[in-house]
Amino acid sequence: GLLAMNGGETLITRSAPSLTEVAPLGVHKGGHFQVYAPNQNENVYTNRWTGPFYGYRRAIETFELTDSPYRLKPINIYFHTFAATKTASLDALDRVYRWALAQETAPVFPSEYIRKVHDFNRLVVARTPDGWLVRGAENLRELRAPVALGQPDVISSTHLAGFVRRNEDTYLHLAGSEAELRFGGAPANAPYLISANARVERASRHSGGELRLTLRGHVPLEFALANAAGCSVQADGKMLKPPATRGTSTHFSLASHALEDIRIRCAQ
């Protein structure tokens, strides 16, 4: 019953750009599942600390190649304290951190990642007469669907906060452990969540097309909404003003790490 993570050998780089260099989420051992660390530490990139001591900078290649064209792994910076004993290795670690901090991320604790992996092994997806039924998404709230399925129907789906398209996939933002998903039809004019650097705890639609969200994260919140231009956005009783509108998306940045009650109201 303890949460644990380690092992695995994900070492894909531009000089070895093969999926065979990407480890799975983990391995079954008896009646248990060992969750692998998403990415490896500087000891591996430096040939067991024999050099080159700047080798860990190549972890950036690993992060990039496991993000595109398919997102296979999260960013996981994993190092020993002896990485600070040499100028080259310390510089490599500094480069990795600066690269990671420049990315759009949703930080999670290792314990949260482990629970998501276990959900991946247990989560159920079933066909329904007009869509898909998802059960067991208690911790794993992000699903990937092929673009060929069509536009996600944010109105007729349940517990779907929104979605974003990336490469040939649609990433679905679930807001509950169980969801009914429907695709197809014309793009909805209703507001929906494009992205957030926090977990979507709840999402619901109310009369007049109002969308309500609960977001909880570990860093100052950033989130983006579609079809929200001209809409009023209220968070925990205070009106929010978007700092930027890019195309059809409206972006928000706050100092708070969590918002219990976000309400998006749009004129009918």
Side-chain angles (χ1 to χ4, degrees), residues 1-13 16-49 55-56 58-68 70-83 93 96 100 103 105-127 132-146 159 169 171-181 196-202 216-219:
L2 296 177
L3 298 178
M5 177 178 72
N6 215 347
E9 290 291 330
T10 294
L11 291 171
I12 185 172
T13 59
S18 171
L19 286 177
T20 61
E21 298 288 345
V22 180
L25 293 175
V27 62
H28 288 279
K29 291 191 173 183
H32 303 281
F33 187 81
Q34 177 183 338
V35 178
Y36 284 156
N39 295 288
Q40 306 337 119
N41 57 58
E42 82 300 314
N43 195 48
V44 179
Y45 287 92
T46 59
N47 298 305
R48 298 184 182 276
W49 203 237
Y56 190 57
R58 302 202 69 181
I60 296 173
E61 297 176 35
T62 304
F63 298 151
E64 291 174 336
L65 291 171
T66 53
D67 180 61
S68 180
Y70 303 107
R71 180 165 290 173
L72 302 173
K73 296 284 184 177
I75 296 171
N76 167 222
I77 300 176
Y78 175 12
F79 63 95
H80 297 91
T81 53
F82 59 70
L93 190 59
V96 170
Q103 310 307 306
T105 59
V108 299
F109 287 115
S111 56
E112 294 173 305
Y113 173 76
I114 294 166
R115 290 187 174 97
K116 291 177 188 294
V117 171
H118 287 308
D119 269 13
F120 180 87
N121 289 332
R122 296 188 293 251
L123 189 143
V124 175
V125 180
R127 287 298 302 264
W132 304 84
L133 175 64
V134 179
R135 285 179 175 169
E138 185 63 40
N139 303 285
L140 182 59
R141 295 289 178 85
E142 194 77 6
L143 298 184
R144 181 168 55 193
H159 294 131
D169 295 303
Y171 288 83
L172 307 169
H173 315 320
L174 303 190
S177 60
E178 183 173 317
E180 293 184 23
L181 306 174
N197 64 348
R199 174 183 168 91
V200 183
E201 292 288 352
R202 286 187 292 271
R216 293 177 187 157
H218 303 305
V219 294

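This one's a predicted model, so the numbers in the text were calculated from it and none came from an experiment.
Pairing each heavy atom of Ala106 with each of Ala198, the nearest pair is CB-N, 4.4 Å. Residues Val200 and Ala175 approach most closely at CG1-CB, 3.7 Å, considering heavy atoms. Nearest heavy atoms, Ala59 versus Val96: CB-CG2, 4.5 Å. The shortest heavy-atom contact between Lys116 and Asn139 is NZ-O, 3.0 Å. Nearest heavy-atom pair, Leu123 versus Ala137, reported as atom, atom and distance to 0.1 Å: CD1-CB, 3.7 Å. The shortest non-hydrogen separation linking Tyr45 to Thr10 is OH-O, 3.9 Å.
Side-chain contact between Leu174 and Leu181 is present, with at least one heavy-atom pair separated by less than 4.5 Å. In this structure the side chain of Trp132 never reaches within 4.5 angstrom of the side chain of Glu180, judged on heavy atoms. The shortest side-chain heavy-atom distance between Asn43 and Phe82 falls under the 4.5 Å cut-off. The closest side-chain heavy-atom distance from Ile77 to Tyr56 is below 4.5 Å. Proximity of Met5 to Pro38: side-chain heavy atoms (C-beta onward) are separated by under 4.5 Å at one or more points. A heavy-atom distance below 4.5 Å is not found between the side chains of His118 and Leu140. Contact annotation: the side chain of Asp119 never approaches that of Arg141 to less than 4.5 Å [non-hydrogen atoms, C-beta and beyond].
Annotation: side-chain hydrogen bond (donor to acceptor under 3.5 Å, both in side chains) contacts of Asn6 (sequence neighbours excluded): Tyr78. Evaluation of the side-chain hydrogen bond (donor to acceptor under 3.5 Å, both in side chains) rule for His218 yields Glu112 as partners, not counting sequence neighbours. Partners of Glu61 by side-chain hydrogen bond (donor to acceptor under 3.5 Å, both in side chains), not counting sequence neighbours, listed by chain and number: Arg58. Applying the ring pair (Phe, Tyr, Trp, His ring centres under 6.0 Å) test to Phe33 and every residue at least two apart in sequence or in another chain returns His28. Glu142 meets the salt bridge (Lys or Arg N to Asp or Glu O under 4.0 Å) test with no other residue; sequence neighbours excluded. Shown here are the side-chain hydrogen bond (donor to acceptor under 3.5 Å, both in side chains) partners of Glu9, two or more places apart in sequence or in another chain: there are none.
In this structure, Thr46 OG1 and Asn41 CG are separated by 8.0 Å, a value rounded to the nearest 0.5 Å. To the nearest 0.5 angstrom, Ile114 atom CD1 is 12.5 Å from Phe109 atom CZ.
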side-chain contact (heavy atoms from CB on, under 4.5 Å) assessment of Tyr113 paired with Val35: CA-CA 9 Å; Tyr113 173 76; Val35 178; 4.1 Å; yes

Stepwise side chain to side chain donor-acceptor pair (under 3.5 Å) test for Glu42 and His80: CA-CA 7 Å; Glu42 82 300 314; His80 297 91; 2.8 Å; yes

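Residue Tyr171 places its OH atom among more than 12 non-hydrogen atoms of other residues, nucleotides or ligands, all under 6.0 Å distant.
Checking side-chain atoms of Arg144 against main-chain N and O of Tyr70 turns up no donor-acceptor pair under 3.5 Å. Between the Gln34 side chain and the Gly26 main chain, no donor and acceptor come within less than 3.5 Å of each other. Under the 3.5 Å distance criterion, the side-chain polar atoms of Lys73 are matched with a main-chain donor or acceptor of Ala23.
None of Leu72, Thr20, Asn39, Thr62 except one satisfies the side-chain contact (heavy atoms from CB on, under 4.5 Å) rule with Ile12; the exception is Thr62.
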